[in-house]
There are 2 protein chains.
Amino acid sequence: MAISDTKEIIMGIGRARVQALGYNALSFREIAKEVGIKSASIHHHFPTKGDLGAALARRYTEDGVNYLEGLLAKSQDPKVLIKSYTDIFRSALVNDNRMCLCGIMAAEYQDLPDNVRTEVNAFTDANVKWLITVLSLQQGQSEAPNLRQKALAIFSAVEGAQLVSRGRNDIALFDRTVEVYRVAGLIP
Amino acid sequence: MAISDTKEIIMGIGRARVQALGYNALSFREIAKEVGIKSASIHHHFPTKGDLGAALARRYTEDGVNYLEGLLAKSQDPKVLIKSYTDIFRSALVNDNRMCLCGIMAAEYQDLPDNVRTEVNAFTDANVKWLITVLSLQQGQSEAPNLRQKALAIFSAVEGAQLVSRGRNDIALFDRTVEVYRVAGLIP
DNA sequence: ACCTGAACACCGTTCAAGT
DNA sequence: ACCTGAACACCGTTCAAGT
């Protein structure tokens, strides 16, 4: 009923499929079947599969950034913020054992068109930027010159926890791994 | 010239392709072209793509276990052993930005036939088992009841470091992330 | 035992054609 | 602007047929 219905519907279906199965398993023909149009029509909204993939990654990053900024408005406690952060990755697993859209695409990196790669990297950058903000809220950490490296390590570790736990379809595994990260002091 | 040439050749090509592009990008027709036979002939050695995938994961785990056991024969120093361990993942990145075969397949988990899933999980189990052995060599750690959880967290973190660094095609990123893990005390 | 050609139902993409 | 049918070169898989 709103403006540009079908384009949004395509993106909704596409996001769910990529998070579940990956970019390679994304099929114009199956999306078309679900939307109720022909696969050739998808190309009118997204000229190539790469264009759809890039749009999905960009939207995913936008939504993520908005959510993360909302968290910062609610709390300045690194512990609380990081708990909310890891819960995002946790909820993807709860939701049909899905993965972070950009995490699963990172695994397919060598298969990705250039414009998709760019958007996947932008997601990492956005996460690192937010994590740096959170880390700088910690006492005595604001002057550390290696906050960026620490932020990237946290992002990498959480993505890895999601990847490995997903393979066992076991949320408790994810929880325990994150707890080990916390006890070790890798995350606040 | 040796026994069962073509089967081994198929597996060699298959392993390289999966580590670079993933299970979904594995193509019987392209393997056949590289081997010099027809794609229908591949099915004589591996009835389905899943059978090839499972064989690749199983072989990969066997080779990995052999290598890891060799490391234990050379040193009992956890620091040395873990350095050798992370260097395995590092060398995959150096080698044409490839990934751990089972790590990339874990991302494709929902697409995998059951027999492939089983082999991917066996790889994780083998890694965790070896890491437990290494961790138990540490002073005052042998009595810890949560060595398994720590081992899984190390495995997850290293897989994640490889996944994220690969997306940037930057080995230095991997090195710095592993260093953060080490400084935090997540790994010896 | 090992390989092949032909067929099947899939895939992304293109394009001329419709409204 | 949005959609379609038909064609193209891909894909895994099957199967009857060859050696």
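If you're wondering where the values come from, they're calculated on a predicted model, not measured in any experiment. In what follows, chains are A, B, ... by sequence order, proteins preceding strands, each numbered from 1.
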Just how far, in rounded Å, is P of dC2(D) from CD1 of I9(A)?
13 Å

Please determine whether a side-chain nitrogen or oxygen atom of S27(A) lies at a distance below 4.0 Å from atom OP1 or OP2 of dC10(C).
no

Tell me whether D170(B) contacts the main-chain N or O of A172(B) through its side chain, where contact means a donor paired with an acceptor under 3.5 Å.
yes

Would one find a side-chain N or O of H43(A) under 4.0 angstrom from OP1 or OP2 of dC3(D)?
no

For K7(A) and dC3(D), give me the distance from atom NZ to atom P, rounded to whole Å.
12 Å

note: N24(B), atom CG; dC10(C), atom P; distance rounded to Å ~ 17 Å

Touch check for S41(B), heavy atoms < 4.0 angstrom, all strands: base, sugar-phosphate only, or nothing?
base

With sugar-phosphate meaning primed atoms plus P, OP1 and OP2, does T48(A) contact a base, only sugar-phosphate, or nothing at under 4.0 Å between heavy atoms?
sugar-phosphate

Which base, if any, makes a Watson-Crick or G-U wobble pair with dC10(D), both distances under 3.5 Å?
none

When you check the phosphate oxygens OP1 and OP2 of dG12(D), does a side-chain N or O of S39(B) lie under 4.0 Å from one of them?
no

Tell me which nucleotide among dT14(D), dC3(C), dT4(D) gets nearest to the side chain of I37(B).
dC3(C)

Which whole-number value in Å describes the distance from H44(A) NE2 to dC15(C) C1'?
14 Å

Rounded to whole angstrom units, what separation is found between the NE2 atom of H45(A) and the P atom of dC3(D)?
4 Å

Interatomic distance, K38(B) NZ vs dA17(D) C1' [rounded to whole Å]
16 Å

How about E30(A) and R17(A): do any of their side-chain heavy atoms sit closer than 4.5 Å?
yes

Among dT13(D), dC3(D), dC11(D), the one nearest F28(B) by side-chain distance
dT13(D)

Say whether N169(B) and Y109(A), considering side chains only, have a donor N or O and an acceptor N or O under 3.5 Å apart.
no

Sugar-phosphate only, base, or nothing, as touched by L26(B) at under 4.0 Å among non-hydrogen atoms
sugar-phosphate

Cation over ring, K33(A) on F28(A), under 6.0 Å and within 45°?
no

Would you mind reading off the distance between R29(B) atom CZ and dC11(C) atom C1', rounded to a whole angstrom?
11 Å

Rounded interatomic separation in angstrom, taking OH from Y23(A) and P from dC11(C):
15 Å

If pairing means Watson-Crick or G-U wobble with both distances under 3.5 Å, then the partner of dT4(C) is dA16(D)

Residue pair F89(B), F174(B): steps toward the ring-ring contact (aromatic ring centres under 6.0 Å, His included) verdict:
CA-CA 9 Å; F89(B) 291 80; F174(B) 178 81; 7.4 Å; no

